[in-house]
Amino acid sequence: MRVDRTSAPADGEHHTGAQVVSAHVTGVGTALPRAFDQQAVWDGYFREHFGGSRVAERIFRSVAVSRRHAVVSPLDEDLSGTSTDARMRRYEEFAPGLGHAAATAAIESAGLTPADVGQLTVVSCTGYTAPGLDTLLAASLDLPDRARRLLVGHMGCYAALPALAATADFVVAHQRPAVLLCVELTSLHLQPPTREVQQVVSHALFSDAAAAIVLRPGDAPGGLELLGTTSHTDATTRDHMTWRITDHGFRMDLSPHVPEVLGKHVGTEVEDLLAEHGLVPSDVRGWAVHPGGPRILATVERELDLPAAALEHSRHVLREHGNCSSATVLLVLDRLLSRGGLRPGDPVVAMAFGPGLTLCAALLRVT
């Protein structure tokens with residue numbers, strides 16, 4: 001996020017122009033629980049859970065996921081009949097440690113210490129507790145007592161990007177570093193047996209992860225300057241993707257029309273964001289697109305006329321980690337920064353989608 005600050009000249013001085021103050025991503029950290037094989041979890045649990053449905057088996061094989069991660073694997077423990085209260089206790093058991101590991105790695109990656117952090121922003125839609133995860137992590141990370149905290153909940157898969165914008169606002173306004181952390185434990189929300197296709201899709205896709213980034217004022221080699229963000233919500237399709245609290249955890253419902261709706265908006269939203277900075281999609285050298293599923297990636301690729309290799313990092317994350325809700329786009333960004341062959345000045349677009357239906361995007365530039 002860039003802000004032009006102009007100071008009034010002192011008597012006898014000439015105005016020398018605006019000072020541009022920016023927020024930069026300078027560190028990334030991730031933490032993943034134990035992995036399990038997609039075929040093994042189908043054979044060992046979901047085949048029976050979905051009543052031997054051949055449709056369900058085809059879905060598990062078609063979502064382009066090879067491995068996922070879980071704090072509680074269904075191969076070890078069946079949570080499908082467990083109360084929401086019990087699941088929230090498991091969230092309190094697992095989320096703080098996973099979040100602490102990711103945030104610590106990000107702070108160290110940025111060359112900072114916890115004492116440098118002015119704000120901790122925590123994103124999660126898979127659990128609730130009070131004091132919140134932000135409070136628990138501020139204590140375990142040993143952040144300053146006066147460090148600000150922001151908790152973003154129940155926005156779903158796109159939440160990392162509005163949280164990024166809000167965290168950047170703090171960094172620019174206060175000239176202090178901040179940490180943005182996403183922690184999602186979707187494995188805690190295994191639903192009772194069903195043959196509903198929407199439930200099969202969500203159980204075939206979703207996974208657990210924590211991912212964090214550090215934003216700080218000023219430039220840093222190899223970092224990313226945040227230039228701008230955009231968001232579009234099509235409220236006429238708000239029933240296409242829902243995440244509801246039930247007596248047996250949180251239930252995800254996904255319409256097969258989600259890629260079609262996103263396809264109507266992604267081109268205009270991204271092109272308008274880029275045009276504000278004199279760019280077009282072909283200028284972008286890095287794409288960190290949330291891999292909500294293979295059809296969503298194919299839609300983005302088609303609507304933006306991207307080359308086949310443009311979304312390889314998104315597809316890798318989907319294949320190796322599944323859909324980890326809000327943390328996923330940060331996992332893609334981490335891989336893009338470490339393996340994307342980016343050079344100073346290269347534009348990067350991060351993009352995610354979720355309930356609403358909502359599309360969020362951010363434009364960044366390699367420093």
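Values reported hereafter were calculated over all heavy atoms of this structure, with side chains retained and with hydrogens, waters and symmetry mates removed.
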Flag, side chain of Gln191 to backbone of His189, donor-acceptor distance under 3.5 Å: yes
Donor-acceptor contact present, side-chain Thr242 to main-chain Asp239, <3.5 Å: no
From Val72, Val183, Val71, residue fulfilling side-chain contact (heavy atoms from CB on, under 4.5 Å) relative to Asp208: Val71
Worked check of side chain to side chain donor-acceptor pair (under 3.5 Å) between Glu225 and Ser22: CA-CA 7 Å; Glu225 179 187 11; Ser22 304; 2.7 Å; yes
Backbone of His257 reached by a side-chain donor or acceptor of Ser255 within 3.5 Å: yes
Side chain to side chain donor-acceptor pair (under 3.5 Å) assessment of Ser83 paired with Asp85: CA-CA 5 Å; Ser83 70; Asp85 173 66; 4.6 Å; no
Flag if over 12 foreign heavy atoms under 6.0 Å of CZ, Arg302: yes
Worked verdict on Val258 versus Ile296 for side chain to side chain contact (heavy atoms under 4.5 Å, CB included): CA-CA 8 Å; Val258 168; Ile296 286 178; 4.2 Å; yes
Met351 vs Cys360 side-chain heavy atoms within contact, under 4.5 Å: no
Side chain proximity check, Lys264 to Glu303, heavy atoms < 4.5 angstrom: no
Student check: side-chain heavy atoms of Leu311 and Leu306 closer than 4.5 Å: yes
Ionic contact status for Arg89 with Glu93, cut-off 4.0 Å: no
Met252 side chain reached by His203 side chain, heavy atoms, under 4.5 Å: no
Student check: side-chain heavy atoms of Thr358 and Met155 closer than 4.5 Å: no
Atom CZ of Arg148 with >12 non-hydrogen neighbours under 6.0 angstrom: no
Check: Gln119 and Arg176 side chains under 4.5 Å, non-hydrogen atoms: no
Polar side-chain atom of Thr237 near backbone of Asp234 as donor-acceptor pair, under 3.5 Å: yes
Aromatic ring pairing Phe46/His49, orientation class (parallel under 30°, perpendicular over 60°, tilted between): perpendicular
Side-chain donor/acceptor of Thr328 to backbone N/O of Cys324, under 3.5 Å: yes
Expected output: side-chain Arg285 to main-chain Val366 donor-acceptor under 3.5 Å: no
Ion pair Arg90/Glu77, N-O distance below 4.0 Å: yes
Heavy atoms from other residues, nucleotides or ligands near CD of Gln39 exceed 12 (cutoff 6.0 Å): yes
Side chain to side chain, Leu133 and Pro96, heavy atoms closer than 4.5 Å: yes
Side-chain (Trp243) to main-chain (Cys125) donor-acceptor, under 3.5 angstrom: yes
Exam field: side chain Thr129 to backbone Gly132, donor-acceptor pair closer than 3.5 Å: no
Heavy-atom donor-acceptor pair, Ser314 side chain to His290 backbone, under 3.5 Å: no
Donor-acceptor contact present, side-chain Ser207 to main-chain His321, <3.5 Å: yes
Any Leu164 side-chain heavy atom under 4.5 Å of Leu180 side chain: yes
